> 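Just dropping this structure here.
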Amino acid sequence: MEFEEHRPMLLGLAYRLLGSMWDAEDVVQEAWLRWQGVERSEIKEPRAFLLTVVSRLALDQLRSARVRREAYTGPWLPEPVMTSEAGPLDTAELRDTVSYATLHLMERLSPPERAVFVLREAFELPYDQVAQIVGTSVANARQLHRRASVRLAQGRDRFQPSAADHVELVTKFMEAASGGDLAALTELLHEDVVAYTDGGGKLRAALRPILGRRKVADFLVGLRNKYGPAEAQVLDVNGHPAIWTRVARYRQLVAFDIQDGRIKEIYSILNPDKLTRLTPA
């Protein structure tokens, strides 16, 4: 019963560390098995014990996952999840660290940097506990956190859009893309916009990121002209609105990062293995 009380929090932790809910569930299940095998009277703080177990299991899995992701066909993007399944989002830090853009940015970090950043930022653990979990000194944990924060800040906007502004921009994008309105679409895009498409080698997708406002707009309008206008709806995914739509016969989710009031990054997930948890109306 005690484990089940912590399960949503543990899933949220593992998901932030791995970017995959499938892998997160495997880690949490392994943690449950270990929980069953320990003498409870010896555990003074169950939450701290479980955070440690899940973090260390996820770290081990992340190290091997990075090797697989380097051999992935095209850009590897995180598995999106419905916001309702992302675990507790009680603080701004919990919400920010589960956002799709942040998960994508965290792929730049080494496994220890990612673990320290998530444990410190999202779960607000003291440095001595973070250091113990990661297996390093307090001084090095502080350095890892500082390094991770700097690397992530380089790709983030200090001024995040409000929820209403985010919805408005995504809705305008959906209307412009479905109507093939090149001028309106171009106006919504940041000058340095980047579009990523993840087909996982299972569906046809761009194998490299598409860079720049004109190329991205032309690519999107080209898809519309080739396949026609698509039905689309807005879903609440990873704490933000995203578009659930179709290209040819295949479903895809399109998530966004917004900077300076325009769309800075577009993430199109077509790999069907990564879409099974989404539940459109």
Side-chain angles (χ1 to χ4, degrees), residues 1-66 78-100 102-103 106 109-138 140-142 144-145 148 235-240 273-274 276-279:
M1 187 68 179
E2 200 164 20
F3 186 94
E4 294 306 316
E5 291 176 2
H6 293 298
R7 184 182 288 273
M9 178 267 295
L10 298 173
L11 275 172
L13 168 61
Y15 175 64
R16 286 169 175 81
L17 292 176
L18 296 166
S20 163
M21 190 58 81
W22 288 109
D23 291 338
E25 287 183 337
D26 287 345
V27 162
V28 172
Q29 180 62 20
E30 177 62 26
W32 181 82
L33 293 173
R34 296 194 181 192
W35 173 257
Q36 297 302 307
V38 299
E39 179 56 52
R40 309 294 166 74
S41 61
E42 297 178 0
I43 300 175
K44 295 181 180 179
E45 298 182 26
R47 181 179 185 273
F49 173 83
L50 292 170
L51 278 170
T52 299
V53 172
V54 166
S55 296
R56 289 177 178 173
L57 288 170
L59 261 174
D60 289 342
Q61 189 146 326
L62 182 59
R63 290 186 177 102
S64 61
R66 285 172 68 89
E79 176 192 355
V81 297
M82 301 296 291
T83 298
S84 58
E85 298 179 10
L89 298 176
D90 304 328
T91 65
E93 291 76 17
L94 281 168
R95 183 168 287 271
D96 177 62
T97 52
V98 86
S99 76
Y100 203 85
T102 302
L103 287 174
M106 285 198 291
L109 306 179
S110 69
E113 286 173 344
R114 186 165 182 164
V116 168
F117 181 81
V118 168
L119 291 168
R120 181 67 181 161
E121 290 288 318
F123 295 88
E124 300 178 331
L125 299 187
Y127 278 113
D128 57 346
Q129 190 174 348
V130 172
Q132 183 182 26
I133 290 172
V134 178
T136 188
S137 66
V138 172
N140 194 46
R142 291 180 183 275
L144 287 169
H145 180 261
L235 295 186
D236 192 2
V237 173
N238 290 79
H240 293 290
D273 294 343
K274 296 183 179 182
T276 57
R277 298 172 185 276
L278 301 182
T279 53

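Remember, it's a predicted structure, so these values are computed and weren't measured experimentally. Index from 1, following the sequence.
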> Measuring from Thr97:OG1 to Leu13:CG, what's the distance to the nearest 0.5 Å?
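Nearest 0.5 Å value for the OG1-CG distance: 9.5 Å.
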> Shortest non-hydrogen contact from Leu18 to Val27?
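Shortest heavy-atom separation between Leu18 and Val27 comes out as CD1-CG2, 3.9 Å.
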> Under 30°, 30 to 60°, or over 60°: which ring-plane class applies to Phe3 and Trp35, parallel, tilted or perpendicular?
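Judged by the thresholds at 30° and 60°, the geometry between Phe3 and Trp35 is tilted.
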> Tell me whether Asn238 contacts the main-chain N or O of Val81 through its side chain, where contact means a donor paired with an acceptor under 3.5 Å.
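Side chain of Asn238 to backbone of Val81: a pair is present.
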> Testing the basics here: between Leu57 and Ala31, what is the closest heavy-atom pair and its distance to 0.1 Å?
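Minimum heavy-atom separation between Leu57 and Ala31: CD1-N, 3.8 Å.
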> Is there a side chain to side chain contact (heavy atoms under 4.5 Å, CB included) between Phe49 and Glu42? Walk through the geometry before answering.
CA-CA 11 Å; Phe49 173 83; Glu42 297 178 0; over 6 Å; no
> Determine whether Leu125 and Arg120 satisfy the following criterion, side chain to side chain contact (heavy atoms under 4.5 Å, CB included), listing intermediate values before the conclusion.
CA-CA 5 Å; Leu125 299 187; Arg120 181 67 181 161; over 6 Å; no
> Any idea which heavy atoms bring Ala24 and Tyr15 closest together, and the distance?
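The pair with the smallest heavy-atom distance is CB-N, 3.6 Å.
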> Could you tell me the separation between the CD atom of Gln129 and the CD1 atom of Ile133, rounded to the nearest 0.5 Å?
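Result: 5.0 Å between the selected atoms.
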> Can you tell me how far apart CG (Leu144) and CG (Leu119) are? Round to the nearest 0.5 Å.
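One finds 11.5 Å between CG of Leu144 and CG of Leu119.
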> Taking all atoms of both residues into account, what is the closest heavy-atom pair of Val28 and Ala14, and its distance?
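Answer, listing the atom of Val28 first, then Ala14: CG2-CB, 4.4 Å.
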> Evaluate the salt bridge (charged side-chain N to carboxylate O under 4.0 Å, His left out) criterion for residues Glu79 and Arg277: first the C-alpha distance (whole Å), next the side-chain angles of each, then the deciding distance (0.1 Å), finally the verdict.
CA-CA 9 Å; Glu79 176 192 355; Arg277 298 172 185 276; 2.9 Å; yes
> Please enumerate all residues that pass salt bridge (charged side-chain N to carboxylate O under 4.0 Å, His left out) together with Glu121, with sequence neighbours excluded.
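Listed in chain order: nothing, the list is empty.
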> Looking at every heavy atom in both Arg63 and Pro112, which two are closest together, and how far apart are they?
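Closest pair (atom of Arg63, atom of Pro112, distance): NH2-CG, 4.2 Å.
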> Once you round to the nearest 0.5 Å, how far does CG of Leu62 lie from CG of Asp60?
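Leu62 CG to Asp60 CG: 9.5 Å, rounded to 0.5 Å.
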> Is the CD atom of Glu45 crowded by more than 12 outside heavy atoms at less than 6.0 Å?
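Incorrect, the count does not exceed 12.
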> Specify the closest pair of heavy atoms between Leu17 and Ala115, including all atoms of both residues, with the distance to one decimal.
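The pair with the smallest heavy-atom distance is CD2-CA, 3.5 Å.
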> In Å and rounded to the nearest 0.5 Å, what is the CH2 to NE2 distance from Trp32 to His6?
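Rounded to the nearest 0.5 Å, the CH2-NE2 separation comes out at 16.0 Å.
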> Do the side chain of Arg56 and the main chain of Val134 share a donor and acceptor less than 3.5 angstrom apart?
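A pair under 3.5 Å: no.
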> Run Val130 and His145 through side chain to side chain contact (heavy atoms under 4.5 Å, CB included) and show every step you take.
CA-CA 10 Å; Val130 172; His145 180 261; over 6 Å; no
> Would you check, one step at a time, whether the test side chain to side chain contact (heavy atoms under 4.5 Å, CB included) holds for Leu51 with Met9?
CA-CA 9 Å; Leu51 278 170; Met9 178 267 295; 3.5 Å; yes
> Does a sphere of radius 6.0 Å around CD in Glu85 hold more than 12 heavy atoms from other residues, nucleotides or ligands, not counting ones at 6.0 Å or beyond?
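More than 12 heavy atoms, drawn from other residues, nucleotides or ligands, come within 6.0 Å of this atom.
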> Checking Arg16 side chain against Leu94 main chain: does a donor-acceptor pair fall under 3.5 Å?
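Answer holds: yes.
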> Between Ser55 (side chain) and Thr52 (backbone), is there a donor-acceptor pair under 3.5 Å?
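Such a contact is absent between Ser55 side chain and Thr52 backbone.
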> How about Glu30 and Arg34: do any of their side-chain heavy atoms sit closer than 4.5 Å?
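They are in contact (side-chain heavy atoms under 4.5 Å apart), so the answer is yes.
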> Rounded to the nearest 0.5 Å, what separation is found between the CZ atom of Arg66 and the CG atom of Leu109?
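Spacing of CZ (Arg66) from CG (Leu109) equals 8.0 Å.
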